[in-house]
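Structure first, commentary second.
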Amino acid sequence: MTTAIHIGRFKMTWLLGGVFPFTADFMPAVASAQGQRNFAAAGLPIEGPSFEPFHAFAIEWDDHLWLLDAGPGLEEGPDRGEVLNELRALGHAPEDVDAIVITHLHKDHTGGLLTAEGKAIYPNATIYVGETEMAFWTNPDHVPAANPRDHEVALLMQAQYQGRIEVLADDAVIRPGISFVPLPGHSPGHNGVLLEDGDARLLMWSDLMHSAAQQFNNPEWSVVVDLDPERAIETRLALLERLAEEETLVAGSHTQGVGKVRRHASAYKLVPAEGGVFERSQ
C-alpha cells in the first residue's frame, strides 16, 4: 500500500524502508506498568513489541522530485533497504531526484544515499543538511563512542556527493514552501522539515518520536539513541504543546500515520487527517 498526501502544490509520498521491533531495549521506560498499559491500549502485547517504520518521503511538485531523507539503505540490515525500490515503484529512477533534504546524519536516514560499495546512488541530487548537524558528525572529536558508523557514513556522504552538498542554517528556508525546523536533542542539529502552501502545512518531524503508542501518552520518555535525552524531551514537549493549538499536520520517520496533535487526558494524541487529502494505491 502506497500512501500520499497533498499539501497545496506538494505531493508527499511515504517510502517505507522496513520496520523494527520497538521494546524496552530501545526505551527502558516501557518496561514499567505505564508502558505496559500503553502497549495494551494500542492492542499490542503488554511487553510489545510494536513494529515501527523506517520512512523516507518523496516530495513532488511542478517538475521537481525531492526526497526527505534517504532511509537506511543496508545500514540496518538487508530487509530494511526498500526505499529505493519504493521510489522505483512510483515510476522514478535515482537519476530523477533533484535534491535530498537530510534531517539529521544518523545512518538510518543517510545509509540510503550509498550503494553497498559506498558509492553515490543519486547522481543528480543536491544534498541539503543543517550546519550544526554537519559540523558535529563530520568532526571525529565530536563523535560519541556508541555512534562510529554514523560518523563513517557522514564522511562517505561528504566524499561521494562532493560539490553537491549545501550546508544551510538550521532554520533555513530551503526553497519557498520547504523549510528546516530545528528540533535538537535526538541529535545536536536534528531538524524537522515543514511543507507549506497557502493554509496547508505539514511538519515531518523526523525522529521527534519513535513510538506513537508510547510517546503520545508519555512524551517525557526518551529512547536510548537520543544523544541529549533532556533536550530531546524539552523539544518534544514544547512542540507537542504548540501543535495542539495549530492546524498543522504531522508525520514522522518512525511513526505511522499523519494527522493533527491534540491534547488527550494528561498528554496528547494524533487525530488522523481526513481522507480527502490522500491518495492510496496498491
Side-chain angles (χ1 to χ4, degrees), residues 7 10 12 14-15 17 53-59 66-72 83 97-113 125-139 142-144 147 150-151 153-154 157-158 161 164-196 201-210 215 219 222-223 225-240 242-243 246 248-255 258 261:
I7 306 299
F10 299 110
M12 185 175 94
W14 278 244
L15 305 174
F54 291 101
H55 281 141
F57 301 86
I59 308 298
W66 286 26
L67 301 183
L68 305 185
D69 290 327
V83 165
V97 177
D98 305 330
I100 304 171
V101 181
I102 299 297
T103 61
H104 62 297
L105 291 170
H106 286 170
K107 60 187 173 62
D108 59 317
H109 296 255
T110 57
L113 294 169
T126 299
I127 307 297
Y128 295 107
V129 63
E131 59 187 353
T132 299
E133 192 71 354
M134 192 69 172
F136 182 86
W137 287 106
T138 56
N139 185 336
H142 293 167
V143 179
N147 298 77
D150 293 325
H151 171 61
V153 174
M157 177 197 76
Q158 191 176 38
Y161 289 85
R164 294 193 280 131
I165 298 175
E166 292 197 21
V167 180
L168 304 176
D170 294 334
D171 60 352
V173 176
I174 306 167
R175 286 290 185 274
I178 306 176
S179 305
F180 276 140
V181 177
L183 299 172
H186 177 64
S187 187
H190 176 261
N191 273 325
V193 178
L194 179 67
L195 302 178
E196 52 186 337
R201 291 163 55 93
L202 181 144
L203 175 63
M204 199 291 281
W205 62 24
S206 192
D207 286 21
L208 184 89
M209 282 191 183
H210 289 77
Q215 287 177 295
S222 232
V223 292
V225 292
D226 283 342
L227 291 186
D228 186 342
E230 290 185 4
R231 195 171 189 195
I233 292 166
E234 179 183 317
T235 295
R236 184 163 48 252
L237 290 171
L239 183 65
L240 289 172
R242 192 191 86 205
L243 289 170
E246 296 183 1
T248 304
L249 296 172
V250 298
S253 301
H254 300 300
T255 51
V258 58
V261 175

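In terms of the ring-ring contact (aromatic ring centres under 6.0 Å, His included) criterion, residue partners of Phe57 (sequence neighbours excluded) are, by chain and number, Trp14, His55. With sequence neighbours excluded, the residues that form a salt bridge (charged side-chain N to carboxylate O under 4.0 Å, His left out) with Glu246 are Arg242. Residues satisfying the ring-ring contact (aromatic ring centres under 6.0 Å, His included) test with His151, not counting sequence neighbours, are none. With sequence neighbours excluded, the residues forming a ring-ring contact (aromatic ring centres under 6.0 Å, His included) with Phe136 are His142, listed by chain and number. Residues forming a ring-ring contact (aromatic ring centres under 6.0 Å, His included) with Trp137 (at least two apart in sequence, or on another chain): His106. Taking Arg175 as the reference, nothing meets the salt bridge (charged side-chain N to carboxylate O under 4.0 Å, His left out) condition, with sequence neighbours excluded.
The CZ atom of Phe10 lies 8.0 Å from the CD1 atom of Ile59; values are rounded to the nearest 0.5 Å. To the nearest 0.5 Å, atom CD1 of residue Ile174 and atom OG1 of residue Thr126 are 11.5 Å apart. The CD1 atom of Ile100 sits 5.0 Å away from atom CG of Leu113, with the distance rounded to the nearest 0.5 Å. In this structure, Thr138 OG1 and Leu105 CG are separated by 8.0 Å, a value rounded to the nearest 0.5 Å. To the nearest 0.5 Å, atom NE2 of residue His109 and atom CG of residue Asp207 are 3.5 Å apart. Within the model, atoms CD1 of Ile7 and CG of Leu195 stand 6.5 Å from one another, a figure rounded to the nearest 0.5 Å.
Contact between Arg164 and Ala125 at its shortest, heavy atoms only, is NH1-O, 2.7 Å. Contact between Leu15 and Ala58 at its shortest, heavy atoms only, is CD1-N, 3.9 Å. Residues Ala232 and Ser222 come closest through the heavy atom pair CB-OG, 4.1 Å. For the residue pair Ala56 and Ala70, the shortest heavy atom distance occurs at CB-C, 4.1 Å. When all heavy atoms of Leu227 and Pro188 are compared, the closest pair comes out as CD1-CD, 3.8 Å.
In this structure, the side chain of Asp69 does not engage the main chain of Ser253 through any donor-acceptor pair within 3.5 Å. Looking at Arg201, its side chain never comes within 3.5 Å of a backbone N or O of Leu194 through a donor-acceptor pair. The closest donor-acceptor contact from the side chain of Arg236 to the backbone of Pro219 lies under 3.5 Å. In this structure, Asp98 contributes its side chain and Trp66 its backbone to no donor-acceptor pair below 3.5 Å. Between the Asp170 side chain and the Glu131 main chain, a donor and an acceptor come within less than 3.5 Å of each other.
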Candidate pair Thr235 and His190, rule side-chain contact (heavy atoms from CB on, under 4.5 Å), full reasoning: CA-CA 11 Å; Thr235 295; His190 176 261; over 6 Å; no
Full working for side-chain contact (heavy atoms from CB on, under 4.5 Å) between Phe180 and Val101: CA-CA 9 Å; Phe180 276 140; Val101 181; 3.5 Å; yes
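Contact of the Asn191 side chain with the His104 side chain is not registered, since no non-hydrogen atoms from C-beta on lie closer than 4.5 Å. Using a 4.5 Å cut-off on side-chain heavy atoms (C-beta onward), Ile102 and Glu133 make no contact. Taking the side chain as every heavy atom from C-beta outward, Val193 and Met12 never approach each other to under 4.5 Å. Contact annotation: the side chain of Thr255 never approaches that of Val250 to less than 4.5 Å [non-hydrogen atoms, C-beta and beyond].
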